[in-house]
Structure formats: C-alpha cells, structure tokens
Engineer: 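Starting off with a structure, shown below.
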Amino acid sequence: MKFIDNKGITDPYINLALEEYVLKNFGQEDTYLLFYINKPSIIIGKNQNSIEEINTEYVEKNNIKVVRRLSGGGAVYHDEGNLNFSFITKDDGNSFHNFAKFTEPVIRALNDIGVPAKLEGRNDLVIEGRKFSGNAQFSTKGRMFSHGTLMLDSEIEHVVAALNVKKEKIESKGIKSIRSRVANIAEYLEEEMSMEEFKNLILRSVFNVTDIADVPKYELTDEDWENVYEISRNRYQKWEWNFGKSPAYNKKASHKFPSGLLDVRLDVKKGIIENCKIYGDFFGLGEVEDIEKILVGVRHERAAVEKALQDVDIPHYLGRITKEEFINLIY
C-alpha cells in the first residue's frame with residue numbers, strides 16, 4: 001500500500017476527481033490511501049436528490065459547494081476541520097459492504113490515544129454514541145474505494161444547518177436532535193491536536209511505522225494532474241452531474257430499511273409508469289437507471305411490475321433490499 005499526497009488541495013471538485021482517477025487508472029492489484037480536506041462543501045451520495053438533501057438558502061448564503069460523489073450513502077458536510085480518507089484497492093469480492101475492514105486502522109489509532117471510537121450500525125464511526133465519521137463505498141471493474149469523513153474539529157453548527165435530514169432517518173435512530181448525536185474527535189482528546197498531527201497519527205497507524213518518513217508514497221506526475229483536472233471539468237464541475245433535472249412525480253414512496261433509505265418517485269398516467277426515479281442512501285453495485293428504464297412503460301400494477309423485474313437482481317442495485325421489499329414499497 002502507498003500513500004498519495006494531494007498537495008494540500010482543498011477544492012472538492014479536484015479531490016473527488018483525484019479519487020476517481022486513481023481508482024480507474026492505477027494498478028489492479030495495488031492499494032492506495034488518499035487523504036484530502038475540502039473547503040466548506042456538501043458531498044451528496046450518488047443516488048440522492050441534491051435539492052432535497054440541502055438547505056438551499058443556507059448553502060447559497062454561505063457559498064458552500066454541492067458536489068455529487070460516485071459512491072452511495074448519505075450527504076455529508078466537509079470543511080477544514082474534517083479529514084477525508086479513501087482506501088483505493090482491488091475489489092476481491094469480500095470487501096464491498098465490509099466497512100469494518102477499512103475503518104479498523106482508524107479506530108485503532110484513536111483507541112491508542114484514549115478515544116473510545118467504534119464502528120456502529122451500517123457505516124458510522126461513533127464515540128459514546130455520537131457520530132464523527134460516515135463511510136461509503138464504490139466499486140467498478142474489479143476496483144473499489146472505501147472512503148469516510150473524520151471530524152476532528154468541524155463547525156458542527158454548519159453541519160446541522162446545511163443539511164436537510166429526512167424525518168425517517170431521525171426517527172429510525174430514535175433521536176430528536178441531530179446536534180446531540182454528532183461529535184468532533186477534538187472533544188475527546190486529552191491534549192489539543194493540529195490537523196497535521198492528526199493526519200500523521202492516522203498514517204503511522206495504517207502503515208504501522210513510528211516515523212512518518214517511512215510511509216511509502218506515490219508521487220503524482222504532471223500527467224496525472226492533467227488527467228485529474230480533465231475529470232474534474234467533465235464531471236464534478238458540471239451542474240448536470242451535481243444536480244441534474246428532477247422531473248415531477250405524482251406518486252412517492254419512501255422507507256428506511258436497515259440497509260438504507262429508499263425513495264421512489266413515479267409519474268403514472270392512465271395507469272402506465274411514464275417516469276421513474278430512485279433515490280436513497282443505500283449501497284448498490286449497479287446503476288439504478290437500469291431499474292428506472294425497465295419500469296417506464298409498465299402498467300402500475302403488481303403483476304406487471306413483478307413480470308418486468310423478474311430477471312432483475314434488485315440487491316445488486318439497491319444493496320440489501322429485496323425485490324419483494326422494493327415492489328411492496330411502490331404500492
């Protein structure tokens with residue numbers, strides 16, 4: 001495994017492009033660790049409806065960038081007090097959905113300095129029940145990344161104000177207040193720690209070295225950076241990717257399953273599904289557009305939908321949500 005230095009860039013349009021570039025262009029058998037810190041921004045899960053996830057007025061007033069990532073999962077707030085880590089590696093068939101594998105070195109590093117961090121639920125790292133890290137994954141063509149946030153000293157009030165958290169998610173966690181369940185790691189440190197010191201702490205733990213100089217590194221070339229900026233221009237800087245056009249729907253059904261929130265919108269006219277859009281923070285491997293296209297033109301009745309989906313592996317697209325659960329949801 002090698003560490004990739006992003007040269008202190010804090011532009012989310014560039015950092016997400018760098019992550020994608022390494023994923024799709026570096027050795028099939030190799031593993032890389034990437035760190036990046038972003039200026040205030042909201043990073044939207046691939047299958048989410050951007051407008052519904054953000055407090056638009058607050059985001060615009062505070063010049064907060066909204067950027068869609070490749071991975072599923074929920075929306076997260078980034079700022080200079082948050083360290084993002086990404087393990088980019090081979091998808092060996094046993095690693096996708098295995099968040100414990102990739103968060104263990106981070107938990108170990110924090111435990112070693114007296115912070116009682118642990119993995120809780122599907123993909124959250126918590127300290128005494130309060131979340132300080134959300135994690136997500138993406139897989140393509142035999143490669144994958146598992147990335148997450150580490151809130152060292154984020155502006156938590158901005159986290160709360162910038163995001164719209166769905167009622168179902170709050171109720172599913174049995175809490176009334178978002179603020180009460182979010183924590184900064186700094187709150188649990190015996191001594192103050194700078195971001196640079198924190199990064200080095202995690203690096204030494206991941207690579208099992210005592211001297212930061214012994215961490216193996218990959219140095220990005222000028223050609224690498226040119227390719228990264230091209231990806232940034234073609235995807236992450238585009239409104240079409242980050243927001244896209246959300247058509248109107250006359251039927252909406254959503255449910256918080258154990259494996260994630262699923263929100264389905266249907267535009268049904270004269271009993272026929274004319275438009276379909278699937279949102280959520282689930283983790284699937286396939287493109288949900290495949291399901292959406294299959295359902296367009298199908299009668300909005302159970303037997304017709306079951307027939308249309310009979311050869312579709314729903315968990316491949318929606319994670320651990322079954323075909324029966326999906327069909328039940330839209331009726």
Side-chain angles (χ1 to χ4, degrees), residues 2-28 30-51 53-54 56 59-60 62-89 91 134-150 154 158 162-163 195 199 217-246 281 287-289:
K2 293 183 178 179
F3 174 64
I4 295 177
D5 185 354
N6 80 330
K7 305 302 180 185
I9 290 172
T10 57
D11 183 342
Y13 295 150
I14 304 302
N15 284 326
L16 268 65
L18 173 58
E19 184 175 52
E20 179 179 346
Y21 174 69
V22 175
L23 174 74
K24 294 181 177 179
N25 293 279
F26 283 34
Q28 283 291 313
D30 298 329
T31 297
Y32 299 91
L33 172 62
L34 173 67
F35 280 169
Y36 54 91
I37 296 168
N38 286 326
K39 289 180 289 189
S41 51
I42 295 175
I43 311 301
I44 301 288
K46 182 179 181 181
N47 298 307
Q48 292 189 298
N49 185 338
S50 300
I51 292 298
E53 296 297 328
I54 66 174
T56 308
V59 165
E60 291 177 353
N62 290 277
N63 196 30
I64 298 171
K65 288 183 176 178
V66 178
V67 191
R68 186 181 301 279
R69 62 179 187 265
L70 290 175
S71 61
V76 289
Y77 177 81
H78 290 183
D79 64 13
E80 291 88 343
N82 171 73
L83 176 65
N84 303 287
F85 67 93
S86 181
F87 288 97
I88 305 166
T89 189
D91 185 356
N135 294 266
Q137 296 178 339
F138 176 71
S139 175
T140 181
K141 297 178 180 178
R143 298 285 289 169
M144 67 168 287
F145 61 64
S146 185
H147 57 188
T149 56
L150 292 172
S154 279
H158 288 312
L163 296 173
M195 180 59 80
K199 286 165 65 175
K217 298 181 178 67
Y218 173 84
E219 294 293 336
L220 293 161
T221 66
D222 290 343
E223 183 181 359
D224 287 331
W225 281 113
E226 288 173 11
N227 291 326
V228 168
Y229 277 88
E230 183 178 7
I231 293 172
S232 176
R233 287 190 299 271
N234 292 337
R235 188 194 299 277
Y236 297 101
Q237 296 181 38
K238 286 188 176 291
W239 181 90
E240 290 81 1
W241 169 254
N242 294 321
F243 290 93
K245 294 182 179 179
S246 297
D281 63 1
E287 301 287 344
V288 294
E289 289 87 350

Engineer: How far apart are the C-alpha atoms of D91 and K141, what are their side-chain angles, what is the distance that settles it, and do they pass the salt bridge (Lys or Arg N to Asp or Glu O under 4.0 Å) test?
Structural biologist: CA-CA 8 Å; D91 185 356; K141 297 178 180 178; over 6 Å; no
Engineer: So, for D79 and S154, which heavy atoms are closest and what is the spacing to 0.1 Å?
Structural biologist: OD1-OG, 2.9 Å
Engineer: Show your reasoning for whether side chain to side chain contact (heavy atoms under 4.5 Å, CB included) applies to I64 and I42.
Structural biologist: CA-CA 7 Å; I64 298 171; I42 295 175; 4.0 Å; yes
Engineer: Is any side-chain heavy atom of T10 less than 4.5 Å from a side-chain heavy atom of N38?
Structural biologist: no
Engineer: Within the side chain of S139, is there an N or O that forms a donor-acceptor pair under 3.5 Å with the backbone of M144?
Structural biologist: no
Engineer: When you compare the side chain of N242 with that of R69, does any pair of heavy atoms fall below 4.5 Å?
Structural biologist: no
Engineer: Assess whether side chain to side chain contact (heavy atoms under 4.5 Å, CB included) is satisfied between F138 and L23, documenting all intermediate values.
Structural biologist: CA-CA 10 Å; F138 176 71; L23 174 74; 3.6 Å; yes
Engineer: Measuring only between side-chain heavy atoms, which start at C-beta, is F145 closer than 4.5 Å to T89?
Structural biologist: no
Engineer: Roughly how far apart are N49 CG and I54 CD1, rounded to 0.5 Å?
Structural biologist: 9.5 Å
Engineer: How close do S232 and Y13 get, heavy atom to heavy atom, and via which atoms?
Structural biologist: OG-O, 3.1 Å
Engineer: Below 30° counts as parallel, above 60° as perpendicular, anything between as tilted: where do the rings of F87 and F85 land?
Structural biologist: perpendicular
Engineer: Please name the pair of heavy atoms, one in H78 and one in V76, separated by the smallest distance, quoted to 0.1 Å.
Structural biologist: NE2-CG2, 3.6 Å
Engineer: Has the side chain of N15 got a donor or acceptor atom that lies under 3.5 Å from a matching backbone atom of Y36?
Structural biologist: no
Engineer: Side chains of E19 and H147: closer than 4.5 Å at any heavy-atom pair?
Structural biologist: yes
Engineer: Counting distance only, does the side-chain N/O of D224 pair as donor-acceptor with the main-chain N or O of T221 below 3.5 Å?
Structural biologist: yes
Engineer: Is atom NZ of K65 surrounded by more than 12 heavy atoms (other residues, nucleotides or ligands) closer than 6.0 Å?
Structural biologist: yes
Engineer: Which pair of heavy atoms, one from G45 and one from Q48, lies closest together, and at what distance?
Structural biologist: N-OE1, 2.9 Å
Engineer: Would a distance-only check, ignoring hydrogens and angles, find a side-chain to backbone donor-acceptor pair under 3.5 Å from N6 to I9?
Structural biologist: yes
Engineer: Can we say E20 and R235 salt-bridge, meaning some charged N sits less than 4.0 Å from an Asp/Glu carboxylate O?
Structural biologist: yes
Engineer: Distance-only, no hydrogens or angles: does the R68 side chain make a donor-acceptor pair with backbone N or O of W241 under 3.5 Å?
Structural biologist: yes
Engineer: Please report the C-alpha distance between R143 and I88 in whole Å, then the side-chain angles of each, then the deciding distance to 0.1 Å, and finally whether the side chain to side chain contact (heavy atoms under 4.5 Å, CB included) criterion is met.
Structural biologist: CA-CA 8 Å; R143 298 285 289 169; I88 305 166; 4.0 Å; yes
Engineer: At their closest point, which heavy atom of V228 faces which heavy atom of A17, and how far apart are they?
Structural biologist: O-CB, 3.4 Å
Engineer: If I take atom OG1 from residue T56 and atom CD from residue E53, how far apart are they, to the nearest 0.5 angstrom?
Structural biologist: 11.0 Å
Engineer: Atom CG of L34 and atom OH of Y218: how far apart are they, to the nearest 0.5 Å?
Structural biologist: 12.5 Å
Engineer: Can you confirm whether or not the ring centre of F3 sits under 6.0 Å from the ring centre of F35?
Structural biologist: yes
Engineer: So which atom in G72 and which in A136 form the shortest heavy-atom distance, rounded to 0.1 Å?
Structural biologist: O-CB, 3.4 Å
Engineer: Are side-chain heavy atoms of N84 and L150 found at a separation under 4.5 Å?
Structural biologist: no
Engineer: Between F26 and Y21, is the ring centroid distance below 6.0 Å?
Structural biologist: yes
Engineer: Is N47 reaching over with its side chain to a backbone N or O of D281, donor-acceptor style, under 3.5 angstrom?
Structural biologist: no
Engineer: Working to the nearest 0.5 Å, report the span between CG of L70 and NZ of K24.
Structural biologist: 5.5 Å
Engineer: Can you confirm whether I37 sits close enough to N82 that some side-chain heavy atom of one is under 4.5 Å from a side-chain heavy atom of the other?
Structural biologist: no
Engineer: Using the ring of each side chain (for Trp, its six-membered ring), is H158 parallel, tilted or perpendicular to Y77, with breaks at 30° and 60°?
Structural biologist: tilted
Engineer: Is any side-chain heavy atom of W225 less than 4.5 Å from a side-chain heavy atom of I14?
Structural biologist: yes
Engineer: Answer whether the closest heavy-atom distance between the side chains of L16 and V67 falls below 4.5 Å.
Structural biologist: yes
Engineer: When you look at CD of Q28, are more than 12 heavy atoms from neighbouring residues, nucleotides or ligands closer to it than 6.0 Å?
Structural biologist: yes
Engineer: What's the verdict on side chain to side chain contact (heavy atoms under 4.5 Å, CB included) for N227 and N25, showing C-alpha distance, side-chain angles and the deciding distance?
Structural biologist: CA-CA 10 Å; N227 291 326; N25 293 279; over 6 Å; no
Engineer: So, taking the atom named CD1 in I231 and the one named CD in Q237, what distance separates them when rounded to the nearest 0.5 Å?
Structural biologist: 12.0 Å
Engineer: Begin with the C-alpha distance, continue with both residues' side-chain angles, and end with the deciding distance and a verdict on salt bridge (Lys or Arg N to Asp or Glu O under 4.0 Å) for K7 and E219.
Structural biologist: CA-CA 10 Å; K7 305 302 180 185; E219 294 293 336; 3.2 Å; yes
